[in-house]
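I have placed the structure first, in the form of structure tokens, so that the comments after it can refer back to it.
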Amino acid sequence: MNTLDWIVMLGTLLGIVVYGLWKTRHIRTSRSYLRGDDDLKWWTIGLSIMATQASAITFLSTPGQAYDDGMRFVQFYFGMPLAMVFLCVVVLPIYYRLKVYTAYEYLETRFDLKTRTLTAILFLISRGLAAGLTIYAPSIILSAIMGWPLNWTIFLMGIFVIFYTVMGGTKAVSVTQKQQMFVILAGMFIAAAILVFKLPKDISFGDAVRLAGKLDKLNTIDFSFDWNNRYNFWTGMFASVFLFLSYFGTDQSQVQRYLSGRSLTESRIGLLFNGVFKVPMQFLILFVGILVFVFFQFNRPPLHFNNANVALLQNTAAEARYQALDIEHNAIFQQQQQAMRRLVEATNKNDAFAIQMAQVYVAELRQQEQSLREEVKQLISEQNPRAQTRDTDYVFLTFVINYLPVGIVGLLLAVIFSAAWSSTASELSALATTTVVDIYRRSFIKNATDRHYLLVSKGFTMLWGAVALSFAAVANLFENLIQAVNIIGSLFYGVILGIFFVAFFMKKIGGNATFLAALIGEAIILGIYFFGNVAFLWLNLIGCAVVMLLAGMIQLLSDLAVSSRR
């Protein structure tokens with residue numbers, strides 16, 4: 001990487017971090033450290049919420065998702081505005097009225113201590129694992145650029161985030177995320193502009209969009225219903241709504257962002273801001289992936305995007321075969337370039353027959369290319385059976401490193417690192433807050449000094465950082481990082497949301513019934529995931545419904561048993 005890129009990247013990142021630490025230099029109490037000073041305005045809240053969700057995984061994996069599967073993933077976010085409205089009307093007033101540090105404090109008020117503790121533990125498990133993925137994602141970049149061993153890179157990345165979070169607490173996280181989101185959005189707009197600029201002179205932006213459409217990459221909305229289909233209109237409008245309700249309404253990494261608001265109104269506007277702008281932001285990121293796809297139709301892509309995997313073939317018997325496949329790939333690419341231009345020409349002339357013929361020919365060439373890619377993956381697996389051969393997470397990174405101008409590479413890397421640090425810092429801060437408030441201070445050490453709780457909070461931040469680092473070391477076992485994060489959440493979020501829905505809407509249900517329903521419900525969800533055949537997004541709705549149904553049944557049986565004894 002060029003010296004200017006290092007200056008841009010490090011200057012941007014260090015500037016944001018120094019600003020955050022300077023703004024929080026007067027924090028001396030556990031309350032300020034864990035919750036902030038209740039002084040954030042709505043735009044800071046909204047941008048902080050967006051930055052917490054938009055980890056480095058978003059900017060690494062989402063363009064690759066679009067490159068491979070088109071725009072279908074944007075449907076995942078269609079239900080977010082509905083979820084935000086519900087939270088603003090129902091949930092936020094409760095949290096503000098009770099003046100809670102965490103969402104789980106409310107559950108003891110409504111039920112009992114064991115239900116509060118169980119829910120907090122479910123959150124700690126899910127978010128602790130997800131934090132590992134947000135550390136792993138940017139580590140891929142630094143490992144690829146510097147040629148460092150991935151595990152050592154993960155360690156260095158994690159240590160920096162842990163230090164940053166321990167020093168500044170939740171307010172440092174929030175105030176820096178505003179600057180980080182500006183960098184992120186600016187970087188993605190610049191990437192999109194450069195992609196258009198770097199298209200061949202005979203291929204306009206309109207040509208690129210039409211070409212993507214003819215190659216089924218703009219298939220944004222799918223109304224077909226299929227339980228196994230992860231991304232369609234119905235999962236977006238129903239299943240994912242439950243994921244967002246749980247994530248934004250009960251996940252402490254998000255709740256902590258808007259509980260620091262200056263008022264209930266500021267927090268509501270911040271949540272609505274997130275609901276309105278998140279879908280366009282995600283559309284932009286996916287569309288960047290589509291532009292990368294079109295770009296690589298006219299600029300030869302590597303046969304395999306993960307250079308570390310290709311390096312496994314060097315000085316082995318498979319190297320000669322890989323080189324032969326690469327030569328064959330080059331020949332196919334030359335034919336594919338010509339076929340793409342014929343498809344563009346036919347599309348501009350609106351010649352239906354020529355369009356169809358060109359599409360058939362392009363499909364044949366793409367199938368041949370895919371066969372070569374699969375053979376390369378097989379070669380890699382033969383050299384290292386544990387290697388993760390799916391390489392879509394490396395697509396956008398390949399474009400950034402190899403094709404962006406000097407200086408812009410540093411900015412785009414700063415985008416990805418900013419997203420990683422903001423999201424991971426939010427998670428570690430939330431994990432520490434929940435551990436201290438809902439477990440340590442509530443059930444173990446109840447009457448210590450404020451100084452004691454401040455030091456313990458920093459200690460638990462470091463502990464959860466260590467847990468995240470451990471999970472990051474095995475994160476390469478997942479096929480796609482953006483899906484891995486949502487899968488982990490879906491295994492727990494539905495049950496957590498079910499507990500809160502019972503608390504909100506089923507006033508006659510007690511703590512014992514809810515506690516048992518949650519335990520049974522979580523076992524059912526894990527069973528469905530590991531042994532069933534249901535798209536993971538539906539687990540959020542199923543988990544919520546199961547807990548509510550079981551809680552009602554258990555409470556009814558309990559009431560009948562009490563009545564029969566009288």
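Index from 1, following the sequence. Small disclaimer: the values here were computed from a predicted structure and weren't measured.
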* Structure fact -> Tightest non-hydrogen contact, residues W538 and W234, listed as CH2-O, 4.0 Å
* Asked: What pairs of residues pass the salt bridge (charged side-chain N to carboxylate O under 4.0 Å, His left out) test when at least one of them lies in residues 194-213, not counting sequence neighbours?
  -> D202-R341, D207-R210
* Any donor-acceptor pair under 3.5 Å linking the side chain of Q75 with the backbone of D222? -> yes
* To do: Quick one: pull up CD1 in I154 and OG in S139 and give me the separation to the nearest 0.5 Å.
  => 5.0 Å
* So with a 6.0 Å cut-off around CZ of F298, is the heavy-atom count from everything else above 12? -> yes
* Asked: Backbone N or O of L243 within a donor-acceptor pair of the S246 side chain at under 3.5 Å?
  -> no
* Asked: Can you check whether E427 reaches W464 side chain to side chain, under 4.5 Å on heavy atoms?
  -> no
* To do: Take V294 and F205 through the side-chain contact (heavy atoms from CB on, under 4.5 Å) test and state the conclusion after the steps.
  => CA-CA 10 Å; V294 175; F205 173 72; over 6 Å; no
* Approximate separation, where rounding is to 0.5 Å, of L325 CG and H329 NE2 -> 10.5 Å
* **Nearest heavy atoms of E369 and P301, plus distance in Å** => OE2-CG, 4.2 Å
* Structure fact -> When R321, R300, R373 are each screened for salt bridge (Lys or Arg N to Asp or Glu O under 4.0 Å) with D326, the one that passes is R300
* Please check if any side-chain donor atom of T389 sits under 3.5 Å from a side-chain acceptor atom of S381, or the reverse. => no
List the atom pairs, with distances to 0.1 Å, where a side-chain N or O of residues 398-416 and a protein N or O form a donor-acceptor pair under 3.5 Å, not counting sequence neighbours.
{"unit_1": "T398", "atom_1": "OG1", "unit_2": "Y394", "atom_2": "O", "d": "2.7"}
{"unit_1": "N402", "atom_1": "ND2", "unit_2": "T398", "atom_2": "O", "d": "3.2"}

* Asked: Counting only N and O atoms by type, is there a donor-acceptor contact under 3.5 Å from the side chain of N348 to the main-chain atoms of E345?
  -> no
* **Shortest non-hydrogen separation from S224 to N232 and the atoms involved** => O-ND2, 3.2 Å
* Using atom types as modelled and distance alone, determine if a side-chain donor or acceptor of Q367 lies under 3.5 Å from a backbone N or O of A363. => no
* Asked: Distance from I525 atom CD1 to I542 atom CD1, nearest 0.5 Å?
  -> 5.5 Å
* So do I203 and L211 actually touch side chain to side chain, heavy atoms under 4.5 Å? -> no
* Got a donor-acceptor contact below 3.5 angstrom from the T347 side chain to the L343 backbone? -> yes
* side-chain hydrogen bond (donor to acceptor under 3.5 Å, both in side chains) partners of T461, counting only residues at least two apart -> none
* Asked: Are any of the side-chain heavy atoms of Y322 and L303 separated by less than 4.5 Å?
  -> yes
* To do: Assess whether ring-ring contact (aromatic ring centres under 6.0 Å, His included) is satisfied between Y136 and F471, documenting all intermediate values.
  => CA-CA 9 Å; Y136 172 76; F471 188 66; 9.5 Å; no
* Asked: Does the Q359 side chain pair with the main chain of K214, one donor and one acceptor, at a distance under 3.5 Å?
  -> yes
* Which atom pair, heavy atoms only, marks the closest approach of G79 to F244? -> C-CD1, 4.3 Å
* To do: State which residues pass salt bridge (charged side-chain N to carboxylate O under 4.0 Å, His left out) with D216; sequence neighbours excluded, sorted by chain then number.
  => none
* **Atom pair CG/CG of L185 and L284 - distance to nearest 0.5 Å** => 7.5 Å
* So, the side chain of S429 versus the backbone of S426: is there a donor-acceptor pair under 3.5 Å, distance only? -> no
* Closest approach of A346 and A354, non-hydrogen atoms and distance? -> CB-CB, 3.6 Å
* Any chance you could measure F396, atom CZ, to L195, atom CG, to the nearest 0.5 Å? => 7.0 Å
* **Validation row: D251, F123 side chains within 4.5 angstrom (heavy atoms)** => yes
* Going by heavy atoms in the side chains, are P200 and Q337 under 4.5 Å from each other? -> no
* To do: Would you please name every residue forming a side-chain hydrogen bond (donor to acceptor under 3.5 Å, both in side chains) with Q335, sequence neighbours left out?
  => Y361
* Does D391 offer a backbone N or O that forms a donor-acceptor pair with the side chain of N306 under 3.5 Å? -> no
* Output the distance between atom CG (L539) and atom CZ (F242), rounded to the nearest 0.5 Å. => 13.0 Å
* Would the number of heavy atoms belonging to other residues, nucleotides or ligands and lying under 6.0 Å from CZ of F333 be above 12? -> yes
* Asked: Do the non-hydrogen side-chain atoms of N384 and I380 ever get within less than 4.5 Å of each other?
  -> no
Per-pair distances, 0.1 Å, donor-acceptor, side chain in residues 67-74, under 3.5 Å, sequence neighbours excluded:
{"unit_1": "D69", "atom_1": "OD2", "unit_2": "R72", "atom_2": "NE", "d": "3.0"}
{"unit_1": "D69", "atom_1": "OD2", "unit_2": "R72", "atom_2": "NH2", "d": "2.8"}
{"unit_1": "R72", "atom_1": "NH1", "unit_2": "N229", "atom_2": "OD1", "d": "2.9"}
{"unit_1": "R72", "atom_1": "NH1", "unit_2": "Y231", "atom_2": "O", "d": "3.0"}

* Please determine if K377 and E374 form a salt bridge, counting it only when a charged side-chain N lies under 4.0 Å from a carboxylate O. => yes
* To do: Flag yes if more than 12 heavy atoms outside F155 fall under 6.0 Å of its CZ atom; otherwise flag no.
  => no
* Structure fact -> With Y529 as partner, the option from L491, V534, I524 fulfilling side-chain contact (heavy atoms from CB on, under 4.5 Å) is L491
* Asked: Are any of the side-chain heavy atoms of Q252 and R127 separated by less than 4.5 Å?
  -> no
* Might you work through the side-chain contact (heavy atoms from CB on, under 4.5 Å) test for L133 and I488, ending with a clear yes or no? => CA-CA 10 Å; L133 293 179; I488 290 173; 3.7 Å; yes
* Asked: How far apart are the C-alpha atoms of V362 and M340, what are their side-chain angles, what is the distance that settles it, and do they pass the side-chain contact (heavy atoms from CB on, under 4.5 Å) test?
  -> CA-CA 7 Å; V362 167; M340 291 293 177; 3.6 Å; yes
* To do: Mind running side-chain contact (heavy atoms from CB on, under 4.5 Å) on L313 and L379 for me, showing each step along the way?
  => CA-CA 8 Å; L313 304 178; L379 291 175; 4.1 Å; yes
* Asked: Got a sec: does the CZ of F225 have more than 12 other heavy atoms crowding it under 6.0 Å?
  -> yes
* Where is the tightest heavy-atom contact between V495 and E522, given as atom of each residue plus distance? -> CG2-OE1, 3.3 Å
* Does CD belonging to Q323 count more than 12 external heavy atoms closer than 6.0 Å? -> yes
* Side-chain contact, heavy-atom cut-off 4.5 Å: S240 with N540? -> no
